[in-house]
**Student:** 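Mind looking over this structure? Questions follow.
Numbers restart at 1 for each chain; the letters A, B, ... are given by sequence-line order, proteins then strands. Owing to the predicted nature of the structure, the values given are computational and were not obtained by experimental measurement.
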Number of protein chains: 2
Amino acid sequence: MALGWEDIRTEVLRRIEARHWAPGALIPTEEALAEELGCARTTVNRALRDLAAAGLLERRRKAGTRVALHPVRRARFDIPVTRLEIEGRGQSYAFHLIEERRAEPPAAVASLFRSPPGVPLLRLRGLHLADNRPALYEERWLDPAVLPEPAPDFRRISPNEWLVSHVPWTGGDIAFSAANACPEEADILGCAPGAALFVCERVTEAEGRPITSVRLLHAPGYRLRADL
Amino acid sequence: MALGWEDIRTEVLRRIEARHWAPGALIPTEEALAEELGCARTTVNRALRDLAAAGLLERRRKAGTRVALHPVRRARFDIPVTRLEIEGRGQSYAFHLIEERRAEPPAAVASLFRSPPGVPLLRLRGLHLADNRPALYEERWLDPAVLPEPAPDFRRISPNEWLVSHVPWTGGDIAFSAANACPEEADILGCAPGAALFVCERVTEAEGRPITSVRLLHAPGYRLRADL
DNA sequence: AAGTGGTCTAGACCACCGG
DNA sequence: CGGTGGTCTAGACCACTTA
């Protein structure tokens with residue numbers, strides 16, 4: 001015998017898909033399932049926990065486990081370091097630093113960083129190249145407090161890569177959208193003005209405080225893939 | 001004491017971030033950590049498994065556990081039923097069916113569905129409205145084999161919603177990109193021709209075979225948010 | 001108050017795979 | 001071959017939440 005937790009998960013999933021347990025319905029308790037299926041409650045727990053994490057079940061103490069009424073599709077994707085993403089496609093990678101200076105951020109960014117007015121942040125702009133063609137343009141604000149002495153040379157290593165491997169992150173927020181390229185952006189990315197760009201806006205936090213916010217503009221043709 | 005697995009995870013994470021264990025380095029075995037931290041190996045296993053799933057550790061039998069060299073940021077997001085997403089913003093929802101007919105799909109779609117040439121699929125086009133304003137335009141191909149007799153009335157329930165709650169899905173693929181609105185799309189979505197649209201292309205499979213493919217065009221201003 | 005899921009423990013066996 | 005992670009078990013206690 002020796003039923004594994006994946007076997008249990010498969011069986012439960014089968015019953016859900018076969019409408020043996022209807023959406024919204026209560027399913028048996030872990031203890032009952034363990035007895036019926038012939039395994040320990042721990043094993044059932046592992047299987048049900050996994051299905052709940054996938055969005056197919058809703059579990060609450062005392063209330064029991066229900067089949068999700070509106071099965072939310074939960075997608076996942078990896079956000080690799082830009083260099084690795086490009087090299088992973090078999091292309092050569094290069095980074096070109098466009099601007100690096102201390103500057104007072106616009107009000108929206110300042111309030112995001114909760115920094116008092118008048119305190120400058122580090123403004124970084126740069127272009128990631130794939131096979132010497134523009135692939136990704138980044139505009140970044142960075143809290144200089146995270147930089148060591150001496151500061152890293154962002155002409156040699158992109159802020160993206162330096163941050164990932166030197167600053168411990170604890171959380172953040174990310175959003176995707178589409179925007180028309182303004183003339184300057186079109187010039188930098190080598191595309192037509194007005195071209196539809198895939199935009200990624202990210203705020204990264206460490207110890208509960210934002211340390212960097214970045215707006216990434218992908219050259220036309222970029223696709224972000226995810227698994228369901 | 002009673003250290004929980006989340007405490008163990010926190011401690012391991014602390015050591016990673018403090019560079020106590022450098023990227024690429026081997027960390028102690030589960031057994032060693034269990035003894036050092038004063039808990040059962042099972043508890044350590046749970047914590048390390050979670051960190052590995054998050055992309056911070058790499059584990060292999062016999063080889064041991066290493067701190068990931070290139071910490072991949074894994075993001076997750078939920079894709080709700082369109083109606084619920086709109087209503088969740090406090091807006092009223094409506095669906096307008098633009099077209100429903102049997103038609104032979106283009107070659108790319110036919111090969112995707114692995115359907116023999118000459119066999120028609122169901123072509124559906126429709127518009128989701130938020131507060132009576134265009135929010136999302138969908139173009140869909142659907143395998144008619146999944147439809148019951150009589151077929152659902154897609155003027156009353158959107159294909160999106162009907163499929164989610166009536167067809168068990170087993171997997172699929174999803175990709176996001178940006179595109180300029182063509183004149184027809186601009187007319188449907190009520191935006192300017194050439195406006196940057198957020199595009200979502202999805203293929204849904206059941207029992208290993210594609211059952212529907214859809215191209216979703218979001219009205220300008222749409223943002224997809226995810227958690228890191 | 002009591003039922004249900006969440007987790008810990010100690011021990012065990014096994015699958016995998018590197019040396 | 002042997003070390004390491006992957007998992008199962010049986011029992012226990014606890015936290016949460018609803019009835």
**Student:** Are any of B/T65's side-chain N or O atoms less than 4.0 Å away from OP1 or OP2 of D/dT4?
**Tutor:**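 Negative; the distance criterion is not met.
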
**Student:** Evaluate whether atom CD of B/E35 has more than 12 neighbouring non-hydrogen atoms of other residues, nucleotides or ligands under 6.0 angstrom away.
**Tutor:**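 Atom CD in B/E35 is not crowded, with 12 or fewer foreign heavy atoms closer than 6.0 Å.
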
**Student:** Under the rule for side chain to side chain contact (heavy atoms under 4.5 Å, CB included), what residues qualify as partners of A/D153, not counting sequence neighbours?
**Tutor:**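 Per chain and number, A/D153 pairs via side chain to side chain contact (heavy atoms under 4.5 Å, CB included) with A/R155, A/R156.
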
**Student:** Can you name the nearest heavy-atom pair linking A/I86 to A/L129, along with the distance?
**Tutor:**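 Minimum heavy-atom contact is CD1-O, 4.0 Å.
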
**Student:** What integer distance in Å separates A/L26:CG from D/dT18:C1'?
**Tutor:**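 Those two atoms, CG and C1', are 12 Å apart.
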
**Student:** From CG of B/D7 over to C1' of C/dG6, roughly how many Å is that when rounded to an integer?
**Tutor:**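 Result: 14 Å.
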
**Student:** Side chain of A/N45 only, heavy atoms from C-beta on: which candidate in D/dG6, C/dG6, C/dT4 is closest?
**Tutor:**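 Nearest to the side chain of A/N45 among the choices is C/dG6.
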
**Student:** May I ask you to check whether A/E139 and A/Y137 show a side-chain donor-acceptor distance below 3.5 Å?
**Tutor:**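 The criterion, which ignores hydrogens and geometry beyond distance, is satisfied for A/Y137 and A/E139.
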
**Student:** Nearest-Å distance, CH2 (A/W5) to C1' (D/dC8)?
**Tutor:**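 The distance from CH2 of A/W5 to C1' of D/dC8 comes to 13 Å, rounded to the nearest Å.
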
**Student:** Whole angstroms only, please: what is the CD-C1' distance between B/E31 and D/dG6?
**Tutor:**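 In whole Å, D/dG6 C1' lies 14 Å from B/E31 CD.
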
**Student:** Nearest-Å distance, CD1 (A/I8) to C1' (D/dT7)?
**Tutor:**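 Those two atoms, CD1 and C1', are 13 Å apart.
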
**Student:** Is the distance between the ring centroids of B/F154 and B/F95 less than 6.0 Å?
**Tutor:**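 Distance test on ring centres: not under 6.0 Å, no.
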
**Student:** Without decimals, in angstroms, what is the distance between B/E6 CD and C/dT7 C1'?
**Tutor:**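 About 10 Å, once rounded to whole Å.
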
**Student:** Write down the distance between CG (B/L33) and C1' (D/dT4), rounded to a whole number of angstrom.
**Tutor:**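 B/L33 atom CG is separated from D/dT4 atom C1' by 13 Å.
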
**Student:** If the sugar-phosphate is the primed atoms plus P, OP1 and OP2 and the base is the rest, what is the B/S/- string for nucleotides 10-19 of chain C, using protein heavy atoms under 4.0 Å?
**Tutor:** B-B--BBBB-

**Student:** In this structure, how many angstroms lie between the P atom of C/dT9 and the CG atom of B/L3, rounded?
**Tutor:**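 One finds 8 Å between P of C/dT9 and CG of B/L3, rounded.
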
**Student:** Mind checking what makes side chain to side chain contact (heavy atoms under 4.5 Å, CB included) contact with B/R46, not counting sequence neighbours?
**Tutor:**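 B/R46: side chain to side chain contact (heavy atoms under 4.5 Å, CB included) contacts with A/R49, B/W5, B/R49.
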
**Student:** Distance check: side-chain N/O of B/R59 vs OP1/OP2 of D/dG6, anything under 4.0 Å?
**Tutor:**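 B/R59 to D/dG6 OP1/OP2: side-chain N or O found under 4.0 Å.
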
**Student:** With a 4.0 Å limit, can you tell me whether A/T43 has a side-chain N or O closer than that to the phosphate oxygens OP1/OP2 of D/dT9?
**Tutor:**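 It does, given that an N or O in the side chain of A/T43 lies less than 4.0 Å from OP1 or OP2 of D/dT9.
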
**Student:** Closer than 4.0 Å, any side-chain N/O of A/R46 to the OP1 or OP2 of D/dT7?
**Tutor:**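 The answer is yes; a side-chain N or O of A/R46 sits under 4.0 Å from OP1 or OP2.
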
**Student:** How far apart are the closest heavy atoms of A/G4 and A/T43, and which atoms are they?
**Tutor:**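 Looks like C-CG2, 4.0 Å.
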
